[in-house]
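These notes concern the structure reproduced below.
These numbers come from a predicted model, not from an experiment.
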Amino acid sequence: MSSAKKNGIFLLSLAVLVALGGGVACQKKAAEGQVAEVQKAVNEFDGTVRAALGRYMYLSTAQGFDIVLPGFDAATLVGKTVKIKGNLLVDHPPVFLADSVELKDASGAGSNVYTRSQEFQPEDFVEFKSREAVPALTITGVAKPEEWEGKAQGKVYGKLQKGDVTYIVLSDDKGKETAKIIVDSVTAYSNYYLNKLKLFDKFWFYVNVKDSVDKKIRPKTKEIFHADVIGAGLF
């Protein structure tokens, strides 16, 4: 990796940490300056596509970035070696908007497979600042609906269990299952993140809280409410 890329990744990490920390005005100003430097320093990446879903793509050589290809199915490039040119979107960190993608063959020769023709639209992308405002739901079991009812959004820590019905399974400190949230939908960005972090089995899920399960059914199934997953990650 070139020194410019390493510097860019370091600066981006610093900028994101400062921004997430919610520091004072001088820190915010410093972060904005660091992001501007990152935008100048990083405009291309070479590497193998490790994970992709929809328009989102991840390279191990671009740690800290989610590469976005508007209007393109990035999953077609999984496992392939590519060269990407584009720019960090300062208003939407850590999005790196690809302008072009070149596919490399065994000899190192490249052929263009993507040229951007659309602008980035946030759509299913949840900003880090927006996540800060989502409260953690402390759910101790099925018997206390006040722990989730009346709340529009919340975040929970659990494991995604897929099947005929998809659940977020919650457990206590000893690993005992305490409750299950019925997942009605998962955004593409959330699914991409789960795919990107496939070595982990538990995540923070950001959800829109929907209808509660009938109280007569809850003790038997441990299902407590329906939800739409709008974000997922390790924090």
The single option from L77, V101, T81, I67 passing side-chain contact (heavy atoms from CB on, under 4.5 Å) against V49: L77
Across all chains, not counting sequence neighbours, the side chain to side chain contact (heavy atoms under 4.5 Å, CB included) partners of S117 are none
Under the rule for salt bridge (charged side-chain N to carboxylate O under 4.0 Å, His left out), what residues qualify as partners of E123, not counting sequence neighbours? R55
Mind checking the OG-CD spacing from S171 to E177? Nearest 0.5 Å is all I need. 8.0 Å
Given 3.5 Å as the limit, does a donor-acceptor pair link the side chain of S190 with the main chain of G231, or not? yes
Y157 and F205: ring pair (Phe, Tyr, Trp, His ring centres under 6.0 Å), yes or no, with the steps? CA-CA 6 Å; Y157 187 69; F205 293 92; 8.5 Å; no
How long is the span from the NZ atom in K85 to the CG atom in D46, to the nearest 0.5 Å? 9.5 Å
Qualifying residues under salt bridge (charged side-chain N to carboxylate O under 4.0 Å, His left out), relative to K196, sequence neighbours excluded: D66
The salt bridge (charged side-chain N to carboxylate O under 4.0 Å, His left out) partners of D228 (sequence neighbours excluded) come to K210
Tell me the side chain to side chain donor-acceptor pair (under 3.5 Å) pairs involving residues 135-146, sequence neighbours left out? T140-E147
Sequence neighbours excluded, the answer for salt bridge (charged side-chain N to carboxylate O under 4.0 Å, His left out) partners of D211 is none
Does K104, at its NZ atom, have more than 12 non-hydrogen atoms belonging to other residues, nucleotides or ligands within less than 6.0 Å? yes
Sort out for me which residue in Y189, Y56, Y192, Y193 forms a ring pair (Phe, Tyr, Trp, His ring centres under 6.0 Å) with F125. Y189
For the OG1 atom of T178 and the CG atom of L170, what is their distance to the nearest 0.5 Å? 5.0 Å
To the nearest 0.5 Å, what is the distance between OG1 on T115 and CD on E102? 10.0 Å
